[in-house]
Amino acid sequence: MSEDVLIQSKELFEICIRILTRTGLQVNDAFTVAESLIFANLRGIDSHGVMRLPVYVLRLEKGGTKIHPNIKIIRERTATALIDGDSGMGQVVGKYATELALKKARDSGIGFVGVKGSGHYGAASYYTVKMAQEGMVGITTSNTTQNTAAWGGTTKIIGNDPLSIAVPYKEDNHLVLDISMSKVSGGKIKLAAKNNQKIPFEWGLDKYGKKTDNPNEIINGGTRLPFGEHKGYGLTVMMEILNGVLTGAGMLSQIISWSKHLEEPTNLGHCFLAIDIESFMDKIEFQKRLDLFVNEIKTSPPMEGLETVFLPGEIEAAIEKERKERGIPISLRTWNEMLILAGKYGKHI
């Protein structure tokens with residue numbers, strides 16, 4: 001396995017800001033993208049952290065992602081809105097949609113915002129945690145390029161659409177779910193291939209539609225499988241309808257690979273839902289009930305080999321605390337790519 005270097009989050013954030021602003025992004029937009037990347041790395045979601053920066057920059061250079069998009073509301077009612085992201089950075093479009101969903105929830109008790117014309121928006125929990133920090137229940141989902149088979153199918157036909165739900169709890173210790181619908185991420189498959197490791201047969205199929213324990217056979221013409229068999233597949237179908245069909249965004253084969261077709265817009269679709277807890281009960285009462293809920297789960301006996309039963313987001317919160325103190329582990333390959341980018345944009349790190 002490759003060696004890692006430890007970089008403090010503040011330093012990594014400043015490097016990202018420097019590179020992104022020199023691509024032409026406005027400072028506020030660069031801040032949003034950098035914050036999203038560091039958020040992911042801090043919580044151990046490294047597949048959506050700074051390793052994505054080189055492709056983001058290439059897309060800005062090639063024009064597939066617009067540096068100055070005209071993000072606008074194209075359809076709106078009291079508690080709902082549809083946004084055209086105009087091929088902007090997914091994080092910039094996503095933050096705009098999140099803030100609009102929060103505003104509508106404050107005014108109406110609930111805010112549901114659909115998005116079309118967006119790009120890869122990074123870690124889904126970046127947005128739901130922002131909603132939880134505002135005292136709201138936050139939900140978001142996005143569609144992706146085709147990378148997963150339908151249950152019972154043998155080829156890539158649908159995305160492994162991410163889903164995140166965050167519930168406000170204690171300060172920064174919110175309950176946070178952040179999952180995608182395939183049995184395993186593409187990053188884990190690529191890592192196994194790099195390390196010449198076999199993988200479980202349940203992870204995916206080769207190009208002939210046969211289960212395989214060779215990660216290279218999934219990468220080269222194969223496909224991932226949905227988690228939970230028909231359950232994960234069913235969730236993906238419904239989220240694809242919300243993200244793609246309902247919003248007017250691209251869907252299924254209409255979505256190109258954002259990392260390969262750098263000059264073309266991806267037209268990804270997202271959904272954001274904010275729910276005002278005080279539309280249902282006083283926040284203090286909600287927190288008391290949530291304490292009872294959490295305590296009952298945490299007092300259940302753990303399986304052999306485990307010290308406790310974890311709640312969604314608890315492991316990520318522990319990783320974040322550690323990484324804020326020790327630094328974020330970055331692979332030498334990713335670090336070298338960032339050094340090259342920094343040099344290209346006029347200032348060495």
Side-chain angles (χ1 to χ4, degrees), residues 16 19-26 29-30 32-34 36-37 47-72 74 82-97 114-124 140-149 155-162 180-182 185-187 190 219-224 236 239-271 337 340-341 344-345:
C16 291
I19 292 170
L20 288 164
T21 53
R22 291 181 181 181
T23 66
L25 281 183
Q26 295 179 359
D29 291 347
T32 297
V33 177
S36 165
L37 296 175
S47 60
H48 289 65
V50 296
M51 67 172 287
R52 299 286 187 176
L53 186 61
V55 178
Y56 286 158
V57 170
L58 282 173
R59 286 192 57 82
L60 290 166
E61 287 179 346
K62 300 292 185 180
T65 301
K66 290 185 181 179
I67 295 173
H68 301 295
N70 179 25
I71 304 170
K72 59 185 178 182
I74 56 177
L82 176 63
I83 291 173
D84 183 350
D86 194 32
S87 299
M89 287 292 302
Q91 288 91 340
V92 176
V93 179
K95 184 179 180 182
Y96 183 102
V115 175
K116 70 175 185 176
S118 188
H120 186 272
Y121 80 166
T140 186
T141 177
S142 172
N143 60 9
T144 72
T145 55
Q146 293 171 303
N147 56 29
T148 304
T155 60
K156 297 176 184 177
I157 194 63
I158 199 165
N160 63 333
D161 297 11
S180 62
M181 300 300 114
S182 58
S185 70
K190 290 176 181 177
I219 295 169
N220 298 315
T223 181
R224 286 175 247 172
T236 309
M239 288 193 292
E240 184 73 17
I241 292 171
L242 291 175
N243 293 312
V245 179
L246 181 65
T247 64
M251 51 188 179
L252 301 178
S253 60
Q254 296 173 355
I255 303 173
I256 65 168
S257 170
W258 69 277
S259 61
K260 294 179 181 178
H261 302 281
L262 303 172
E263 299 175 357
E264 299 179 44
T266 54
N267 192 19
L268 289 174
H270 321 307
C271 290
E337 287 176 344
I340 292 169
L341 280 178
K344 179 178 179 180
Y345 283 95

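Worth knowing before you read on, the calculation uses all heavy atoms, side chains too, and leaves out hydrogens, waters and symmetry mates. If you're wondering where the values come from, they're calculated on a predicted model, not measured in any experiment.
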Trace of the side chain to side chain contact (heavy atoms under 4.5 Å, CB included) decision for I255 with E240: CA-CA 12 Å; I255 303 173; E240 184 73 17; 4.2 Å; yes

Worked verdict on L53 versus L37 for side chain to side chain contact (heavy atoms under 4.5 Å, CB included): CA-CA 8 Å; L53 186 61; L37 296 175; 4.1 Å; yes

From CA spacing to verdict: salt bridge (charged side-chain N to carboxylate O under 4.0 Å, His left out), D86, K66: CA-CA 8 Å; D86 194 32; K66 290 185 181 179; 2.8 Å; yes

Separation of H270 NE2 from T140 OG1 (nearest 0.5 Å): 7.5 Å

Minimum side-chain heavy-atom gap H48-H120 below 4.5 Å: yes

From H261 atom NE2 to T266 atom OG1, the distance as rounded to the nearest 0.5 Å: 11.5 Å

Considering all heavy atoms, the nearest I157-L252 contact: O-CD2, 3.1 Å

Where G24 and H68 come nearest, the two heavy atoms and their spacing: O-CE1, 3.3 Å

Beyond-backbone contact of L268 with T145, side-chain heavy atoms, under 4.5 angstrom: no

Member of E264, R59, E263 meeting the side chain to side chain donor-acceptor pair (under 3.5 Å) criterion with T65: R59

Nearest heavy-atom neighbours spanning D161 and N243: OD2-ND2, 3.8 Å

Check: T141 side chain, P162 main-chain N or O, donor-acceptor pair, under 3.5 Å: yes

I74 and K72, any side-chain heavy atoms less than 4.5 Å apart: yes

Gap separating the CD atom of E61 from the CD1 atom of I67, nearest 0.5 angstrom: 8.5 Å

Distance-minimising heavy-atom pair for L246 and L242: CB-O, 3.5 Å

L60 side chain near L25 side chain, heavy-atom distance below 4.5 Å: yes

N160 versus S182, closest heavy-atom pair with distance: ND2-OG, 3.1 Å

Verdict with reasoning, T223 to N147, per side chain to side chain contact (heavy atoms under 4.5 Å, CB included): CA-CA 6 Å; T223 181; N147 56 29; over 6 Å; no

Any I83 side-chain heavy atom under 4.5 Å of K116 side chain: no

Residue pair V115 / C271, side-chain heavy-atom distance below 4.5 Å: no

Distance in Å, I19 CD1 paired with I340 CD1, rounded so as to fall on 0.5 Å steps: 10.5 Å

Within-4.5 Å side-chain heavy-atom neighbours: M239 and M181: yes

From CZ (R52) to OG (S259), nearest 0.5 Å: 7.5 Å

Nearest non-hydrogen partners of T32 and K95, listed with the distance: OG1-CD, 3.4 Å

Proximity of W258 and Y121 rings by center, below 6.0 Å: no

Interatomic spacing from OG in S253 to CD1 in I158 - rounded to 0.5 Å: 11.5 Å

Heavy-atom side-chain contact between V93 and P69 under 4.5 Å: no

